[in-house]
Amino acid sequence: MKITRLEPLLLNAPVTRGGIADSTHRLAFWGAPGVAIHTDAGLVGYGFSGTHAHRATDVMILDGMVKAFGPLLLGEDPVETLALWEMLHKHPPITWVGRAGITQLALGAIDIALWDLKAKQAGMPLWKLLGGSAKKRVEAYNTDGGWLNWSRKTLLADCRRMVEKEGYGALKIKVGGPDPEEDVARLAAVRKAVGSKIRIMTDANGRWTLPQAIQMVSQMKPYNVTWIEEPIYFDDVLGHQRLAASSDIPIALGEQIYTLHHFRDFIHAGAVHYVQPDVTRLGGITEFWQVADLAHAFRLPVVPHVGDMGQVHQHLCFAHAACQWLEFIPWLSEWMEDPVRIQNGYYVAPKAPGAGMTPNRKAFDRMERLN
Ligand code: 0YR
Ligand code: MG
């Protein structure tokens, strides 16, 4: 099989109730800039990144994929995923300006599309190709009820519905709002509404200073929080290390970490407990696997951040030993050929061959082509 063409694709998916907010971001659409990789075998591989639908940035990602990486891939066999990843990752003029951020997002989408082709050619869902099993239990925790712009009433109604009607055993709420007392009051109200058995994760999206985080952690402690996510600035290894040393609440992070080596620094420093790589924001499946192996060697759980809305991560979780839990946000479900399925709070292993990001007819009608 040989790669004949890369086609950039841009999908914008509306988020829940017209717009969501966390402490740092506000968005109405989830951006999915991605690529279709065409082959002489007639198979097409699909991979998408995940963004806040900022058009100028999405166009840069797409440009990177097609103009910078594209020519390197033409004529290559997409099944040679590891070798191709090394070749793209090490390409000197790109490495010189990249290694994190937009070039990594572009590489991530391409790598997903290559693995998609490999799994499609093998006639297997990716989890099976990777050696996983559908018998494994992958628990979903739901993030889509805890947004900071929901009123307290909506927040509580959503959390109750997720637990009582939909069977989730774990959910995440956003903190880091302008009023710390309100953060704690919302957390207390959610704990009261869902009872003591449900796991509650919290996410400050990088908002606090170290002293603020130390104070907030002690105030959140009585409500039995599973983790505090991105308590302080995304890149601050030392700050998280100090917080981890003083805090009773485990720390989760990783959605803004772009490389294996940066994960190594956080993990080696003891600055993270729940490791949250994102296949769309690292250099794809290939680098995700490296990070998951690294975390596993430290016996740290890997709980991916779903920039792909779980479409690819579910496969990785059914396969990798460090993964037991996976975030759930539904914003791409409507647009995928084979959307993620949750039953009683657990992911159901997908059956279709591929890596899980093949768009459906409706998505093709909506998508913008930027050729
Ligand atoms: C929206 N999950 C997250 C979204 C969410 C972010 O800004 O990107 O809140 O992905 O932090 O853990
Ligand atoms: Mg987060």
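First listed ligand is number 1; within each ligand, the first listed atom is number 1.
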Any side-chain donor paired with an acceptor under 3.5 Å for [X] and [Y]?
| X | Y | result |
| --- | --- | --- |
| Trp150 | Asp158 | yes |
| Gln104 | Glu287 | yes |
| Tyr258 | Arg99 | no |
| Asp40 | Thr4 | no |
| Glu229 | Gln276 | yes |

Exercise. So is there a nitrogen or oxygen of His52 less than 3.5 Å from a nitrogen or oxygen in ligand 1?
Worked result: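 Yes.
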Problem set entry | Student check: side-chain heavy atoms of Lys118 and Leu129 closer than 4.5 Å |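 A side-chain contact exists here, since the closest heavy-atom pair is under 4.5 Å.
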Exercise. Between His320 and His296, how do the two ring planes meet: parallel, tilted or perpendicular, split at 30° and 60°?
Worked result: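 Rings of His320 and His296: perpendicular, as their planes differ by over 60°.
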For this session: Quick one: sort the Phe288 and His313 rings into parallel, tilted or perpendicular, breaks at 30° and 60°.
Result: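 It falls in the tilted class, 30° to 60°.
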Exercise. Any sub-3.5 Å donor-acceptor pair from Lys172's side-chain atoms to Thr143's backbone N or O?
Worked result: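 Not at all, since once roles are kept as given, no pair shorter than 3.5 Å links the two residues.
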Heavy-atom distances under 4.0 Å decide this one: backbone, side chain, both or neither, for [X] against ligand 1?
| X | answer |
| --- | --- |
| Thr143 | neither |
| Val306 | neither |
| Gln276 | neither |
| Tyr141 | neither |

Exercise. How far is atom 1 (C) of ligand 1 from its nearest protein heavy atom, and which residue and atom name does that atom have?
Worked result: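 Looking only at protein heavy atoms, the one closest to atom 1 (C) of ligand 1 is Asp22 OD2, 3.5 Å.
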For this session: Give the residue, atom name and distance (to 0.1 Å) of the protein heavy atom nearest atom 10 (O) of ligand 1.
Result: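 So the nearest neighbour among protein heavy atoms is His305 NE2, 2.6 Å.
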Exercise. Can you list the residues that meet the side-chain contact (heavy atoms from CB on, under 4.5 Å) rule with Gln241, with sequence neighbours excluded?
Worked result: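 So Gln241 forms a side-chain contact (heavy atoms from CB on, under 4.5 Å) with Leu238, Ala269, Ala271.
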For this session: Apply side-chain contact (heavy atoms from CB on, under 4.5 Å) to Ser49 and list each qualifying residue two or more places apart in sequence or on a separate chain.
Result: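 Once residues adjacent in sequence are excluded, the partners of Ser49 under the side-chain contact (heavy atoms from CB on, under 4.5 Å) criterion are Pro33, Leu105, Thr280.
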Exercise. Would you say Lys172 contacts ligand 1, with heavy atoms under 4.0 Å as the rule?
Worked result: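 It does, in that a heavy atom of Lys172 comes within the 4.0 Å cut-off of ligand 1.
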For this session: Taking 2.8 Å as the upper limit, name the protein N, O or S atoms near the Mg ion (ligand 2).
Result: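 Listed by chain and number, the nearby protein N, O or S atoms are Asp203 OD2, Glu229 OE2, Glu255 OE1.
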State the atoms of ligand 1, each with its element, that fall below the 4.0 Å cut-off from a heavy-atom position in [X].
| X | value |
| --- | --- |
| Leu27 | 1 (C), 7 (O) |
| His25 | 7 (O) |
| Trp30 | 8 (O) |
| Glu327 | 2 (N), 12 (O) |
| Ile20 | 1 (C) |

Exercise. Is there any ring-ring contact (aromatic ring centres under 6.0 Å, His included) pair reaching into residues 210-242, and which pairs are they, with sequence neighbours excluded?
Worked result: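 As it turns out, the ring-ring contact (aromatic ring centres under 6.0 Å, His included) pairs with a partner in residues 210-242, which skip direct neighbours, are Tyr141-Trp227, Trp227-Tyr274, His240-Phe266.
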Problem set entry | CA sep, side-chain torsions, deciding dist, call: Lys120, Thr358, side chain to side chain donor-acceptor pair (under 3.5 Å) | CA-CA 11 Å; Lys120 281 173 175 166; Thr358 301; 2.9 Å; yes
Exercise. Should one rank Arg26, Glu230, Lys174 by closest heavy-atom distance to atom 3 (C) of ligand 1, which comes out on top?
Worked result: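 The residue whose heavy atom sits nearest atom 3 (C) of ligand 1 is Lys174.
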